[in-house]
Amino acid sequence: MLDARFVSDNVDKIEKALKDRGYDLDLTNFRAKEQERLQLLREVEELRGRRNSVSEEIARLKRERANIQPLIEEMRAVGEKIKKIEEELTKLEKDTQDFLLNIPNIPHYSVPIGKDDSENIEIRRWGSIREFDFTPLNHWDIGEILDIIDFDRAGKITGSRFTVMKGLGATLERALINFMLDLNTSKGYKEILPPFMVNADSMFGTGQLPKFEVELFKIIDPEYYLIPTAEVPVTNLHKNEILREEQLPIYYTSYTPCFRREAGSYGKDVRGLIRQHQFNKVELVKFVKPEESYDELERLTQDAEDILKSLDLPYRTVALCSGDLGFASAKTYDIEVWLPAQQRYREISSCSNFEDFQARRANIRFKRAGKKGTELVHTLNGSALAVGRTLVAILENYQQKDGSVLIPDALQPYMKIDIIR
RNA sequence: GGAGAGGUGGCCGAGCUGGUCUAAGGCAGCCGCCUGCUAAGCGGUUGUGGGGGUAAAACCUCACCCAGGGUUCGAAUCCCUGCCUCUCCGCCA
């Protein structure tokens, strides 16, 4: 969420930034309403001040057994007036809030201007793409041949876009989770295992609500949401807290399953593990001081890339252009892993700096030593990595002519074997 | 699932028969003073958000005693709803 006063004071600047994102918004009406709101606020505060002082007066006169009836009559009228203004104010505040909650973040100046993913900028590539002396198979074919992935039975017990992992497939998934968590914690990220359901308030905090409810799975009774990413529970860990400067930066890593409706993605990636309603992910989350957040974004992205390097999987990193940026993000790098069967790079991680956008919604602040007042922290997060897609990349990149799949060196201690056949 | 208790400032804790509560007291923190040192003691001070004000401060003011409503001239205090915590019973991995 953006700051109401900041928006009201920078109408032109923000209209332009939103246009770069593909949002056409007229903010002049908002500014007018803000001014009206502040005018009413001043009025009601003056009336409340009067009520406070007269209330003292009434208490005093009552002790002296003087006649207080005229004052009470007067205050009854003042009370009604206060109530009336408060009602108007509540309505205006709600409008302001609703409006701001639906405005996306402002892109950082370094974000390339563009309309969609075709205008993202490649930043770097790593690894060499393997030359196959046979036609590489899709991961779903490999999974079937090795009997480690079962889509049909998942459809039977639940529905489409769900998967059953079996035998060494399940073991590989589990090994990847442990490997990623171990690598991340070795760099100072603290491991968090949060609830996989959260309340609506948390979803507002990180920006999934109110705008993106259709993408979430909702529990009706009691009313909870299944998390679409660990970002939600982990960022909200410090909701409504004031952190001390010495506590920052805070680094968390968290494995969770992620649940997404994938509404509107009909026809995309219908086969295979790429797009699922439930998938595993290991996430990195940072809480940092504002002046450090862009350096932290670079390091967070490197930390995610390190996992692909350790697994010797070729990838590239792209900077998302303004039009492709997620709602809450000020800047995002996507990391894309090479999939030989598709002959293209596919997203396996998304690393973002949200600046104070989430912190304002979730009310996460910090206090500088020796300074008055508080400031909003900056929050960041990134996948390190999407586990299912990493498994896809391993199956496809490490497949052999006879249908077997080699296990990357780094995973062998976790798998206790070096090949799936 | 049943029965009961409770949520107050960084922490503990009083207030809860509505009006010096602009929340007692203690602890902790900070600043002084005092005393060979330390401890003790003495004095002062300490939150958050908003509005106004200022070059910036100072300063003025409104709100905040879990959250949201209600009653009242006036609510930490009374009423309702929700959330959370604790105790006992039952059930359970």
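Chain naming here is simple, since letters A, B, ... match the order of the sequence lines and numbering starts at 1 in each. Reckoned from all heavy atoms, side chains included, excluding hydrogens, waters and symmetry mates. All values derive from a computational prediction rather than experimental measurement.
Residue-level contact check: A:R5 touches the backbone only, with heavy atoms under 4.0 Å from sugar-phosphate atoms and none from bases. Among the atoms of the strands shown, only primed sugar atoms or phosphate atoms (P, OP1, OP2) are found under 4.0 Å from some heavy atom of A:R365. Within the 4.0 angstrom heavy-atom criterion, only backbone atoms of the sugar-phosphate kind lie near A:G49; the bases stay farther away. Across all strands, A:N52 comes closer than 4.0 Å only to sugar-phosphate atoms, never to a base (heavy-atom distances).
Distances from the side chain of A:K83 to the nucleotides B:rU71, B:rG19, B:rG49 place B:rU71 closest. Closest to the side chain of A:R48, out of B:rG74, B:rU48, B:rC62, is B:rC62. Nearest nucleotide to the side chain of A:I242, out of B:rU48, B:rG19, B:rG74: B:rU48.
Atom name C1', nucleotides B:rC16 and B:rU8: the rounded distance is 11 Å, in whole Å. Separation of the P atoms belonging to B:rA39 and B:rC60 is 37 Å when rounded to the nearest angstrom. Between B:rG47 and B:rC11, the distance separating the two C1' atoms is 13 Å to the nearest Å. For B:rU54 and B:rU46, the C1' atoms lie 25 Å apart once the distance is rounded to whole Å. To the nearest whole angstrom, the two P atoms, one in B:rU38 and one in B:rU45, are 25 Å apart. The separation of B:rU17 from B:rC92, taken at their P atoms, amounts to 44 Å, rounded to a whole angstrom. Comparing the same atom, C1', in B:rG6 and in B:rC91 gives a spacing of 25 Å after rounding to whole Å. When the C1' atom is used for both B:rA23 and B:rG15, the distance is 8 Å, rounded to whole Å.
Judged purely by distance below 3.5 Å, without hydrogens or angles, the side chains of A:K331 and A:S110 pair a donor atom with an acceptor atom. Under 3.5 Å, the side chains of A:Q276 and A:T163 contain a donor-acceptor pair of N or O atoms.
By the side-chain hydrogen bond (donor to acceptor under 3.5 Å, both in side chains) test, A:E87 pairs with no residue at all, sequence neighbours left out.
A donor N or O paired with an acceptor N or O is found under 3.5 Å between the base of B:rG50 and the side-chain atoms of A:E45.
Look at B:rU85: its Watson-Crick or wobble partner, with both distances under 3.5 angstrom, is B:rA5. Pairing for B:rA58 is absent, judged as Watson-Crick or G-U wobble with the two contacts each under 3.5 Å. For B:rA23, there is no paired nucleotide, since no Watson-Crick or G-U wobble pair has both relevant distances below 3.5 Å. When both pairing distances are held under 3.5 Å, B:rC64 makes a Watson-Crick or G-U pair with B:rG47. B:rC42 is paired with B:rG32 under the Watson-Crick or G-U wobble criterion, all donor-acceptor distances under 3.5 Å. Under the Watson-Crick or G-U wobble criterion, with both distances below 3.5 Å, B:rU77 is left unpaired in every strand shown. Nucleotide B:rA93 forms no Watson-Crick or G-U wobble pair with any nucleotide shown, as no partner meets the under 3.5 Å limit on both distances. When both pairing distances are held under 3.5 Å, B:rC37 makes no Watson-Crick or G-U pair with any nucleotide shown.
Put simply, CG on A:N199 is 20 Å from P on B:rC66, counting in whole angstrom units. Look at CG on A:D3: it is 12 Å from P on B:rG49, rounded to the nearest Å.
Taking the six-membered ring for Trp, A:Y252 and A:Y189 have ring centres at least 6.0 Å apart. Ring pair A:Y294/A:H108: centre-to-centre distance below 6.0 Å. Taking the six-membered ring where the residue is Trp, the centroids of A:F217 and A:Y225 are separated by 6.0 Å or more.
The side-chain contact (heavy atoms from CB on, under 4.5 Å) test with A:R21 is passed by exactly one of A:I103, A:N105, A:I106: A:N105.
Ion pair A:K286/A:E296 flagged as a salt bridge, since at least one NZ, NE, NH1 or NH2 atom sits closer than 4.0 Å to an Asp/Glu carboxylate oxygen.
Contact check for A:Y345 versus A:V337: no side-chain heavy atoms found under the 4.5 Å cut-off.
Here A:T374 does not reach the OP1 or OP2 of B:rU48: none of its side-chain N or O atoms lies under 4.0 Å away.
Taking every heavy atom of residues 65-76 of chain A and every atom of RNA chain B, pairs under 4.0 Å involve A:I72, A:M75, A:R76, by number.
RNA chain B is contacted by both A:R51 and A:R60; A:R60 maps to the nucleotide lying nearer its 5′ end (nearest heavy atom per residue). Taking for each of A:E87 and A:K62 the nucleotide of RNA chain B with the nearest heavy atom, the 5'-most of the two is the partner of A:K62.
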